[in-house]
Amino acid sequence: MAFPLSRLRQLFRRRRFEADMAEEIQSHLERQAAANRAAGMDAEEARYAARRQFGGVDQIKEVARAQRAGVLLEQWAKDFRFALRTLGRNPGFSALVVLALALGLSFNAVLFTVANDLFVRPLPAAAPGRLVVVAQKSPFIDYQIPVSYPDAEDLRRLVESDVAPEPDLARVYSGLMAYREEVVHLSDVGSGTERAWVHAVTDNYFSVLGVQPQLGRFFLPGEARAPGADPIL
């Protein structure tokens, strides 16, 4: 919808708008008073009758101001100035308000970050929509049990086998990897010991995710099965 040029002028020429509005209302009142005098009223009676016939001047002005472009911004500016004056008269209350706003904004930022990481932002994988979790279902309770490492290796061999005893597995899954979260203690000379969460993963962990290292390399096939193998850096 096009924005009329007259309204744009009104937005930046408030005083002119107020003067024009007062002049227009006065013109209507004078014309009505002249009509009343022509009908036989004296000057004073014609003037009062014109105001009654025209209606409440202040109410009409408020309606015209409400229809003028930018009135909402002006009202917000008035409310903002009033809030500043109120806060300036009570510094203690002002500090409490600022602290409450800061805590609320910080909490919202943290909550959004957590929700974005968990529910909105996709996993850093080549095809996150194709990833699924394989778990065991308990026969006694409605709870999923993580698959043991030997079972995961058996499933992986079935998936990667060219002649799989379960052909449906090969058609559904393109790869199967396993990982386990655990806590380790990292120590360094002079810096003490720190706890850290790490993932113990199979050698095809990164290849199934479809990611590439920025430096160095990931695991090669079979390195996870080599006892005493050198660490990969």
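Everything numeric here is computed off the predicted structure, so don't read it as measured data.
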A178 backbone acceptor or donor facing T202 side chain under 3.5 Å: yes
Value for CZ (R195) from NE2 (H185), rounded to nearest 0.5 Å, stands at 5.0 Å
Would you find more than 12 non-hydrogen atoms of other residues, nucleotides or ligands less than 6.0 Å from Q136 atom CD? yes
When you look at CD of E182, are more than 12 heavy atoms from neighbouring residues, nucleotides or ligands closer to it than 6.0 Å? yes
To the nearest 0.5 Å, atom CG of L29 lies from atom CZ of R47 at 10.5 Å
The reported gap from OG in S207 to CD in Q212 (rounded to nearest 0.5 angstrom) is 9.5 Å
Would you indicate whether the side-chain heavy atoms of T86 and F93 approach each other to under 4.5 Å? no
Would you say the side-chain atoms of D151 and S148 include a donor-acceptor pair closer than 3.5 Å? yes
Is there side-chain contact between Y149 and E153, with at least one heavy-atom pair below 4.5 Å? yes
Can a donor-acceptor pair be found, under 3.5 Å and without considering hydrogens, that links the side chain of D42 to the backbone of E45? yes
Does T113 use its side chain to pair, donor to acceptor, with the backbone of A109 at less than 3.5 Å? yes
Minimum heavy-atom distance between A49 and M41, given as atom pair plus value: CB-SD, 3.9 Å
The reported gap from CZ in R156 to CG in L176 (rounded to nearest 0.5 angstrom) is 8.5 Å
Might you point out which heavy atoms bring N36 and A46 nearest each other, and give the distance in Å? ND2-O, 3.1 Å
Take the angle between the ring planes of Y179 and Y205 and call it parallel below 30°, perpendicular above 60°, tilted in between. perpendicular
Common cluster, V211/V208, ILVMFWY with side-chain heavy-atom separation under 4.5 Å: yes
Kindly compute the distance separating CZ (R37) from CD (E44), expressed to the nearest 0.5 Å. 11.0 Å
About how many Å separate CG of L155 and CE of M177, when rounded to the nearest 0.5 Å? 13.5 Å
Same apolar cluster: L131 and F218, side chain cutoff 4.5 Å: yes
Identify the heavy atoms of F219 and V201 that sit nearest to each other, and give their distance. CE1-CG2, 3.8 Å
